[in-house]
Each structure stands twice: as structure tokens, then as C-alpha cells.
S.K.: 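Got a structure for you, questions after.
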Amino acid sequence: MKAIILAAGYATRLYPLTENMPKPLLEVAGKTILDFIVEKIDRVSEVDEIIIVTNDKFSGHFSEWNETSNYSKKITVVNDGTLTNETRLGAIGDIQYVIETLDVDDDLMILAGDNLFDFELTDFVRYFNEVGTDCITSYVEENTAQVKRAGVVELDEVQKVLSFEEKPAEPRSNYCVPAFYLYKNETLPLFREYLEEGNNPDAPGHFVPYLIDKKAVHAFLFEGKRYDIGTVESYQAVKDVFENR
């Protein structure tokens with residue numbers, strides 16, 4: 001299994017903090033966001049390589065971080081060649097770029113590089129192995145306003161995904177889907193098909209409704225907090241939480 005951390009965005013909503021620093025390398029309670037994520041991946045025995053996909057502006061930052069990191073897994077930094085927010089490939093474009101560039105033919109874990117979370121990825125992988133299908137993650141969101149800003153799924157009694165909708169005006173459930181996914185190696189060619197058909201290359205969640213039309217997908221329901229760092233305010237709120245733990 002390979003793990004891809006999506007870190008090729010330009011985080012313009014966090015300016016000036018991210019004008020010259022990639023968002024995953026911002027610190028929370030004395031540790032980078034990226035280190036929090038990699039520590040959890042490092043505990044997953046199935047993963048043999050962690051791939052950080054970034055852009056030309058910040059590739060050097062991640063390479064420097066990698067030189068001083070000390071994890072048990074091989075870490076590879078992939079530069080997607082873009083330089084601006086306007087020319088970015090998008091998350092799904094970056095996933096396909098990594099698959100092609102590194103000739104990936106393994107099961108694939110995909111994680112956003114700007115989310116902190118309480119659950120263990122070892123539990124997510126265990127569920128993935130049990131159900132034997134592609135898997136997304138989901139949790140119950142009690143805040144209706146937040147549900148309308150998220151990707152939302154309907155699930156059946158065995159947690160199979162029945163529908164997915166991005167930022168629904170009228171949500172069909174309160175099961176929200178953050179950017180943590182596990183895909184089987186036989187699913188990887190569908191990323192190319194998705195892009196060749198002209199579908200949205202940006203947010204990784206857009207791939208889910210495309211996929212569930214073709215094969216079974218299950219949702220790993222996790223408990224605990226998940227923190228999406230998208231604005232200066234949300235970054236400060238996360239720092240406050242972690243510094244007071």
C-alpha cells in the first residue's frame with residue numbers, strides 16, 4: 001500500500017501565513033500539521049511508502065522537511081510542476097500525476113495534508129481489509145450548517161455508500177465525508193478515465209459519486225474530532241485546542 005498526502009494547494013485563504021510556507025508545514029502545538037499526519041501513517045504496517053505530492057513553489061520546503069524527518073517509512077516528495085493557484089492540477093489531477101509518475105500499482109491511501117484527526121489510520125485500514133472494497137471515511141455531523149458545506153453520503157445498513165453529494169442545499173443525511181480514502185489497486189485506472197471524461201479535477205470528493213456508479217464503496221464511520229484547517233480563524237482555533245490538551 002502507498003499513501004499519498006495531498007499538499008499541492010496554495011492555501012490563499014491563509015495568506016499571509018502561507019505566502020511563503022506550505023500549509024501542511026504550519027505548526028500546531030510545536031509540531032507541523034504534516035508530522036501529525038505522517039506519525040499516524042507510520043503506524044500502518046501495510047504502507048511501505050508515503051508520497052507527498054506538492055507544487056514547484058513549495059517542493060523545496062517539503063524536501064528540506066524530509067531530510068530532517070525520522071520515520072520508518074520511505075518518504076517521496078513529488079513535484080507536480082505547477083507554480084500558481086490558477087494553474088494547479090487539482091487534487092484528483094495530482095493523484096493521477098503520482099500514479100503515472102511513480103507507476104503506482106498498489107492499494108492507495110489518500111489523505112488531505114491539512115486535516116488533523118483523532119482516529120487511527122490502523123483502524124481504517126483494518127476496516128478496508130475486512131470489507132474488501134474501496135472505502136471512504138464518514139462521521140456524524142450535528143451542525144446542519146456544516147453539513148451543507150461538506151460532502152454528504154447516504155449509507156445502507158452495512159455502511160455501503162448509496163449516494164454522495166457535495167455541499168447539498170438539502171442534505172439527505174448528516175454523514176459527512178472528509179478527505180481520507182482507501183482505494184484498491186484495481187480502481188486506480190478509473191482516475192484516468194474520470195479525468196479523460198472531463199470531470200472536475202479539483203476536490204478529491206468529486207471522484208466518489210463517479211466511483212459508486214461503477215463499484216461498491218463502503219464508509220468507515222469514525223468517532224472523535226476532525227479539524228479542517230482552511231482559514232486563519234480555523235488555524236488559530238485548532239492551535240488553541242491542541243495547545244490546551
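Since we're looking at a predicted model, the values are computed, not measured. All heavy atoms count here, side chains included; hydrogens, waters and symmetry mates do not. Start at 1 with the first residue, then count along the sequence.
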S.K.: Going by salt bridge (charged side-chain N to carboxylate O under 4.0 Å, His left out), name the pairs with one or both residues in residues 93-105, residues two or more places apart or in two chains.
M.R.: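 Counting only pairs at least two positions apart or across chains, the salt bridge (charged side-chain N to carboxylate O under 4.0 Å, His left out) contacts touching residues 93-105 are Glu100-Arg192.
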S.K.: Taking only residues two or more places apart in sequence or in another chain, which ones pass ring pair (Phe, Tyr, Trp, His ring centres under 6.0 Å) with His61?
M.R.: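 Ring pair (Phe, Tyr, Trp, His ring centres under 6.0 Å) list for His61, sorted by chain: Phe58.
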S.K.: Quick one: list whatever passes side-chain contact (heavy atoms from CB on, under 4.5 Å) with Pro168, sequence neighbours left out.
M.R.: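 Only Val152, Glu165, Pro171 meet the side-chain contact (heavy atoms from CB on, under 4.5 Å) criterion with Pro168.
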S.K.: Leu195: which residues meet the side-chain contact (heavy atoms from CB on, under 4.5 Å) condition with it, sequence neighbours left out?
M.R.: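 With neighbours one apart ignored, the set is Ile92, Gln96, Pro201.
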S.K.: Sequence neighbours excluded and cut-off under 3.5 Å, please list the side-chain donor-acceptor pairs for residues 18-28, or say none.
M.R.:
from, atom 1, to, atom 2, distance (Å)
Thr18, OG1, Ala11, O, 2.6
Lys23, NZ, Asp114, OD2, 2.7
Lys23, NZ, Ile229, O, 2.8

S.K.: Partners of Asp118 by side-chain hydrogen bond (donor to acceptor under 3.5 Å, both in side chains), sequence neighbours excluded?
M.R.: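 By the side-chain hydrogen bond (donor to acceptor under 3.5 Å, both in side chains) rule, Asp118 matches Arg245.
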S.K.: In chain order, what residues pass the side-chain hydrogen bond (donor to acceptor under 3.5 Å, both in side chains) check against Gln236, with sequence neighbours excluded?
M.R.: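 Gln236 satisfies side-chain hydrogen bond (donor to acceptor under 3.5 Å, both in side chains) with Asp240 once adjacent residues are dropped.
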S.K.: Could you pull out all residues at least two apart from Arg88 that satisfy side-chain contact (heavy atoms from CB on, under 4.5 Å)?
M.R.: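 Testing Arg88 for side-chain contact (heavy atoms from CB on, under 4.5 Å), a comparison that skips the adjacent residues, returns Tyr10, Asn85, Asp202.
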S.K.: Restricting to pairs with a member in residues 126-135, which pass salt bridge (charged side-chain N to carboxylate O under 4.0 Å, His left out), not counting sequence neighbours?
M.R.: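 Qualifying pairs: Asp123-Arg126, Asp134-Lys215.
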S.K.: Using ring pair (Phe, Tyr, Trp, His ring centres under 6.0 Å) as the criterion, list what pairs up with Phe62, not counting sequence neighbours.
M.R.: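 Ring pair (Phe, Tyr, Trp, His ring centres under 6.0 Å) list for Phe62, sorted by chain: empty.
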S.K.: I'd like to check the side-chain contact (heavy atoms from CB on, under 4.5 Å) partners of Lys214; sequence neighbours left out, ordered by chain and number.
M.R.: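 If we apply the side-chain contact (heavy atoms from CB on, under 4.5 Å) test to Lys214, skipping adjacent residues, the hits are Leu190, Tyr210.
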S.K.: Identify, with sequence neighbours excluded, every residue that meets salt bridge (charged side-chain N to carboxylate O under 4.0 Å, His left out) alongside Glu193.
M.R.: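 Listed in chain order: nothing, the list is empty.
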